[in-house]
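For reference, the structure discussed in these notes is given below.
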Amino acid sequence: MEGKEERLEYVWIAVIILMLTSFLGLLGYATIIKGYSTPEDVVTCEVKKLDEQITPGIEEVAPGVYVVNITGRQWSWTPNEITLENPKKVIFRVTSADVVHGFQIVGTNVNFMVFPGYIAEITWYPPSDLEGEHLIVCNEYCGIAHQDMWAKLVIERG
Ligand SMILES: [Cu+2]
């Protein structure tokens, strides 16, 4: 004899099957039809040969276009002070020499994780009214002196 509880169980089984098939269907639609996938243009580097592969520093490759190479290690960013004059486009190339760090420029939308063995390459278009000093912090707990891991970004307009 079929009771009310048993009917409810069948209803919930049907709901779960419906949810699973719709999620798998959406996943299939996104990957097969829309072509979404994980990033494939990942830049890797060897942690032991880091100094040969990335030279920390700032380079102005075109007027207002900067490439900034940064290395993070417990517990500092190199370079520690980044000064940019009238930046229009900034390409950050950041890597870690030891553990996972988080690179964040406070008050902006620049915020990403930095993994040893990978170079995180982020393009940033700073707002034209952004100027002055900005704090760069590590926002991923990376050890005992994590709170001392900071740097300074200076944007000069003129
Ligand atoms: Cu940290």
Side-chain angles (χ1 to χ4, degrees), residues 16 19-20 22-158:
I16 289 164
M19 284 171 65
L20 277 175
S22 42
F23 291 153
L24 287 173
L26 279 172
L27 192 65
Y29 172 75
T31 54
I32 296 162
I33 293 166
K34 297 291 273 182
Y36 295 154
S37 68
T38 51
E40 289 163 11
D41 53 346
V42 174
V43 184
T44 57
C45 61
E46 257 185 83
V47 175
K48 285 179 183 167
K49 296 178 182 169
L50 206 62
D51 297 330
E52 297 166 24
Q53 294 172 45
I54 187 165
T55 308
I58 305 151
E59 190 186 350
E60 189 171 13
V61 291
V65 181
Y66 292 90
V67 175
V68 184
N69 289 317
I70 301 168
T71 303
R73 49 170 51 90
Q74 291 169 320
W75 293 276
S76 64
W77 297 109
T78 309
N80 189 254
E81 187 171 328
I82 300 156
T83 303
L84 307 174
E85 279 178 46
N86 298 313
K88 290 183 207 130
K89 180 181 174 181
V90 185
I91 299 157
F92 288 108
R93 298 179 74 246
V94 189
T95 191
S96 167
D98 39 42
V99 298
V100 177
H101 297 286
F103 185 89
Q104 181 180 9
I105 304 174
V106 177
T108 71
N109 62 352
V110 179
N111 184 355
F112 52 90
M113 289 175 87
V114 181
F115 295 88
Y118 295 90
I119 297 173
E121 199 171 292
I122 305 295
T123 303
W124 178 47
Y125 298 91
S128 56
D129 59 344
L130 190 75
E131 62 180 328
E133 284 188 18
H134 301 272
L135 183 66
I136 297 170
V137 295
C138 172
N139 63 9
E140 194 70 40
Y141 182 74
C142 56
I144 194 87
H146 159 70
Q147 71 281 356
D148 298 331
M149 189 168 172
W150 59 273
K152 192 164 72 173
L153 170 69
V154 181
I155 294 182
E156 293 173 349
R157 300 279 180 193

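Not measured: the values here are computed from a predicted model. Atoms within each ligand, like the ligands themselves, are counted from 1 in listed order.
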Under 2.8 Å from the Cu ion (ligand 1) - protein N/O/S, by chain and number: C138 SG, E140 O, C142 SG, H146 ND1
Taking side chain as C-beta onward, heavy atoms only, is T95 less than 4.5 Å from P116? no
Side-chain donor-acceptor pairs under 3.5 Å in residues 27-37, sequence neighbours left out?
| residue | atom | partner | partner atom | Å |
| --- | --- | --- | --- | --- |
| T31 | OG1 | L27 | O | 2.9 |
| T31 | OG1 | G28 | O | 3.3 |

Using 30° and 60° as the class boundaries, would you call the ring planes of Y141 and H146 parallel, tilted or perpendicular? perpendicular
Could you check whether the rings of F92 and F103 sit parallel, tilted or perpendicular, using 30° and 60° as the cut-offs? tilted
Partner set under side chain to side chain donor-acceptor pair (under 3.5 Å) for N109, not counting sequence neighbours: W124
For T44, check side chain to side chain contact (heavy atoms under 4.5 Å, CB included) against everything at least two apart and list the hits. V42, Y118
